[in-house]
Protein chains: 2
Amino acid sequence: MISTPRAVMTENFIPPIRQPIDRSPTSQTIGSIVRLATHETVFMEGDDAQSLYRVMAGAVRLCKILPGGRRLITDFAFKDDQFGLELDAHHKVTAETIGPTVLLRTRRCPPMQQEQTEFHDNIVDALRRDLSAAQAHVVILGHPEARARVAAFLMSMIRRLSAGHPHTIDLPMSRQDIADHLCLTIETVCRSLSELRRAHVIDIPSRHRIVIKDVNSLETMTTGEE
Amino acid sequence: MISTPRAVMTENFIPPIRQPIDRSPTSQTIGSIVRLATHETVFMEGDDAQSLYRVMAGAVRLCKILPGGRRLITDFAFKDDQFGLELDAHHKVTAETIGPTVLLRTRRCPPMQQEQTEFHDNIVDALRRDLSAAQAHVVILGHPEARARVAAFLMSMIRRLSAGHPHTIDLPMSRQDIADHLCLTIETVCRSLSELRRAHVIDIPSRHRIVIKDVNSLETMTTGEE
DNA sequence: CGAACACTTGAGAGACCTCAAACAGCGTGG
DNA sequence: CCACGCTGTTTGAGGTCTCTCAAGTGTTCG
């Protein structure tokens, strides 16, 4: 049973607009801007890996469909995150937008000679991040208890999404996305969030907004102990 | 509760014997041979990461102690596997031998100018393997059912350990190690193995030897479906 | 041969999953 | 403007599976 049978392959890239982009430490190359609506596919598992993407606005989910039919979301990409780096010819995950999203696409062209080492450093950095993310994911999935996984997920979202207010997060992804990331069912995710709310650890003013009221409790819940 | 409270820090490296080593594609440098007995510590989480290791004989487990006190084995290293690569100053896992083990230790010295790119390639290769391993681990932990995890673990061991006979594996690690790798209890691992035996999918002639009688069944069990 | 250790098996409790139903937000059409 | 339907979310009840606690079996080593 596929969690969300919505893998629509829509390739409506706007005509690539060549323009100079801000030169941040990790991307010193020219790219093209790609604007996508909600639930559009950037690339699919198995596609040729020809471009590297950087989120300028919005959010993307990276997922795999497992042989059993379940969907596994390996990671999310938010503003300033890179994704799509592969070291062989094909993508190993599918990338889909969670909401309206603006991406910077960098074509993977043969780099100039003087850019070679810089390109290399960029690859190593991206690999490091991907590896760290995968290892953190393993740690989260290592907790058998749903509360610990959800708490760890919220802690990670605090670090990545709480621009400005450190106690408020706007989750762009659906409950189902969270469930497929934590390898739980959507009901268990909902129940865990409700438990946290009843325990006065968080508040849920609206569906996708979470207010952290007790970061310490959330942190301790991360370990599975209470 | 720590699964196996046996993290003994024994540093009885034999005096490093400088000698030329076989020049495989991934290690074209001089190293020193390290001989360790069972359950000895190669390095611990937090130690300075100064060396890269390669298993010449035996096996090593790479583990973390989580804040809650549980042990998580992130990976195993068998013959010809490399481990210990870190991109910052400290190791993020603890490495312990599973049985009598011989390692090739390569000091992480500042590489010569002409070796720089080669060293770089080596790092990228190691990162790729670590990343693939972490992603595969995530997929295994994604299965909520114990049988699927154990089946996936056995399939992975077939690929990595079945030298010669593709249907026989000699597992060097203990049941507790397997449990801490799959994030299950030792009892559940035992029960899953017994179930597989009763289902005539595997045979267990001795504790650490497993004979695969029906690879197809094992493969399908990997998905969680039956 | 005995003791320590690792492994296996059993019984009961708790947690998550499955199935089901109710609720809320949102856009559409009357 | 409101009814309606659709989608996504939340809550409830029961079953199944794993974990906990416990006892028993087999191996290895002194």
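Just so you know, these numbers come straight off a predicted model, no measurement behind them. The sequence lines fix the lettering, A, B, ..., with proteins before strands; numbering per chain opens at 1.
Judged purely by distance below 3.5 Å, without hydrogens or angles, the side chains of A:Asp47 and A:His90 never pair a donor atom with an acceptor atom. Between the side chains of A:Thr185 and A:Thr188, at least one donor N or O lies within less than 3.5 Å of an accepting N or O. Looking only at atom types and distance, the side chain of A:Arg70 has a donor-acceptor partner in the side chain of B:His143 under 3.5 Å away.
The stretch residues 190-206 of chain A touches DNA chain D through A:Cys190, A:Arg191, A:Ser194, A:Arg197, each having a heavy atom under 4.0 angstrom from the strand.
Taking atom NE2 of A:His39 as the reference point, atom P of D:dT7 lies 12 Å away to the nearest angstrom. Rounded to an integer number of Å, the gap from CD of B:Gln176 to P of C:dT8 is 12 Å. Taking atom CZ on B:Arg70 and atom C1' on D:dT18, their separation rounds to 14 Å, with Å as the unit. For the pair B:Glu187 CD and C:dA13 P, the computed distance is 17 Å after rounding to whole Å. Between A:Asp177 atom CG and D:dT7 atom P there is a gap of 16 Å when expressed in whole angstrom units. A straight line from CD1 of B:Ile186 to P of D:dC21 spans 15 Å, rounded to a whole angstrom. One atom, CD1 of A:Ile210, and another, C1' of D:dT9, lie 13 Å apart when rounded to the nearest Å. Residue A:His208 contributes atom NE2, which lies 9 Å from atom P of D:dT10 at whole-angstrom precision.
Among all heavy-atom pairs drawn from B:Met173 and B:Phe78, the shortest one is CE-CZ, 3.8 Å.
The phosphate of D:dT18 has neither OP1 nor OP2 within less than 4.0 Å of any side-chain N or O from B:Thr188.
B:His137 has its ring centre no less than 6.0 Å from the ring centre of A:His137.
The pair A:Arg175-A:Asp180 does not meet the salt-bridge criterion, since no charged nitrogen lies less than 4.0 angstrom from a carboxylate oxygen. Between A:Asp203 and A:Arg198, no side-chain nitrogen of the basic residue sits less than 4.0 Å from a carboxylate oxygen of the acidic one, so the salt-bridge criterion is not met.
Between B:Tyr53 and B:Phe83, the angle of the ring planes stays under 30°, which puts this pair in the parallel group of the 30/60° scheme.
Between its two ends, the helix from C:dC1-D:dG30 to C:dG30-D:dC1 turns its axis by 30°, counting five pairs per end and rounding to 10 degrees.
With A:Leu52 as the partner, the side chain to side chain contact (heavy atoms under 4.5 Å, CB included) test is satisfied by one option alone out of A:Arg107, A:Gln82, A:Arg105: A:Gln82. For the side chain to side chain contact (heavy atoms under 4.5 Å, CB included) with B:Ile210, the qualifying choice from B:Thr168, B:Leu171, B:Leu161, B:Leu196 is B:Leu171, the only one to do so.
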Using atom names, set out every protein N or O paired with an N or O of nucleotides 26-30 of chain D below 3.5 Å, distance rounded to 0.1 Å.
none

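Side-chain contact between B:Val60 and B:Glu96 is absent, with no heavy atoms from C-beta onward closer than 4.5 Å.
Comparing A:Arg175 and B:Thr185 by the nucleotide of DNA chain D whose heavy atom lies nearest to each, the residue mapping closer to the 5' end is A:Arg175.
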